[in-house]
Amino acid sequence: MFFDSWYDLWRIFVVGILAYVGLVSLLRVTGKRTLSKMNAFDLVVTVALGSTLATVLLSSDVALVEGLLAFALLCGLQYAVAAASVHSERFQSIIKAKPSLLFHDGRFIGPMLREERVTEEEILAAVRSQGHADLDKVLAVVLETDGSFSVLTGSGTSARSALRTVRREAGTS
């Protein structure tokens, strides 16, 4: 229960080092985007890489080469999806979510809150977490494509320009 054999420990040690080196090498080749959190697909790849690493380390039924192939497949698929979404707006619209405007000019946008399943309290928490105590100074709160909240403040040209970009991406006026 606490200890099976020295072989199992040695296997985990050796395979762990080699799998780690292989995964880091693949991540360096495929670029920063592989582990980004820009959309749901990116999150799935990150979780799958972690799960695959754990399986390769702890399951003697999975050979190191099989694990490395799984890493390469996941990184390759993520690379292909990211490249396709850069080159095709239609593909991008299928893969990526749009940002959602949840709060604007002192008002919560009820239909969007319901659609995104976000409460007013969660928006207030996001505003506080970004260091804003006064909701009157917040121009807008946006639920980004990666699930994070952006809090836009100010009334200047740059804030209004950022808001126009969000509206254009979300397909609203």
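Being a predicted model, the structure only gives us computed values, none of them experimental.
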Side-chain heavy-atom pair [X], [Y] within 4.5 angstrom cut-off:
{"X": "Val141", "Y": "Val127", "result": "yes"}
{"X": "Val142", "Y": "Leu101", "result": "yes"}
{"X": "Ser60", "Y": "Arg11", "result": "yes"}
{"X": "Phe103", "Y": "Ile109", "result": "no"}
{"X": "Leu102", "Y": "Phe108", "result": "no"}
{"X": "Phe3", "Y": "Asp8", "result": "no"}

When hydrophobic residues are tied together by side-chain contacts of less than 4.5 Å, even through go-betweens, does [X] share a cluster with [Y]?
{"X": "Met112", "Y": "Leu135", "answer": "yes"}
{"X": "Val14", "Y": "Ile12", "answer": "yes"}
{"X": "Leu43", "Y": "Leu49", "answer": "no"}
{"X": "Leu58", "Y": "Trp10", "answer": "yes"}

Original post:
Has the side chain of Ser129 got a donor or acceptor atom that lies under 3.5 Å from a matching backbone atom of Ala126?
Top reply: yes
Subject >> Check against side-chain contact (heavy atoms from CB on, under 4.5 Å), Ile123 and Leu113 >> reply: CA-CA 10 Å; Ile123 291 177; Leu113 290 173; 3.2 Å; yes
How long is the gap from [atom1] on [X] to [atom2] on [Y], to the nearest 0.5 Å?
{"X": "Leu64", "Y": "Ile17", "atom1": "CG", "atom2": "CD1", "result": "11.5 Å"}
{"X": "Thr145", "Y": "Ile95", "atom1": "OG1", "atom2": "CD1", "result": "12.5 Å"}
{"X": "Asp146", "Y": "Asp42", "atom1": "CG", "atom2": "CG", "result": "9.5 Å"}
{"X": "Phe149", "Y": "Glu122", "atom1": "CZ", "atom2": "CD", "result": "5.5 Å"}
{"X": "Ser85", "Y": "Lys96", "atom1": "OG", "atom2": "NZ", "result": "4.0 Å"}
{"X": "Thr52", "Y": "Leu57", "atom1": "OG1", "atom2": "CG", "result": "11.0 Å"}

**OP:** Might you confirm whether atom CZ of Phe13 has over 12 heavy atoms from other residues, nucleotides or ligands at distances under 6.0 Å?
**Re:** no
What are the two closest non-hydrogen atoms of [X] and [Y], and how far apart are they?
{"X": "Ser150", "Y": "Gln130", "value": "CA-NE2, 4.1 Å"}
{"X": "Asp61", "Y": "Glu66", "value": "O-OE1, 3.9 Å"}
{"X": "Ala19", "Y": "Leu53", "value": "CB-CD1, 3.8 Å"}

Subject >> Residue pair Val21, Leu18: steps toward the side-chain contact (heavy atoms from CB on, under 4.5 Å) verdict >> reply: CA-CA 5 Å; Val21 168; Leu18 295 174; 5.7 Å; no
Original post:
Could you go step by step and tell me if Thr30 and Gln78 meet the side-chain contact (heavy atoms from CB on, under 4.5 Å) rule?
Top reply: CA-CA 9 Å; Thr30 57; Gln78 198 284 336; over 6 Å; no
Original post:
Of Val45, Leu27, Val29, which is the lone residue that meets side-chain contact (heavy atoms from CB on, under 4.5 Å) with Cys75?
Top reply: Leu27
**OP:** With side-chain contact (heavy atoms from CB on, under 4.5 Å) as the test, would you mind laying out the steps for Val56 and Val15 before giving the verdict?
**Re:** CA-CA 8 Å; Val56 169; Val15 169; 3.6 Å; yes
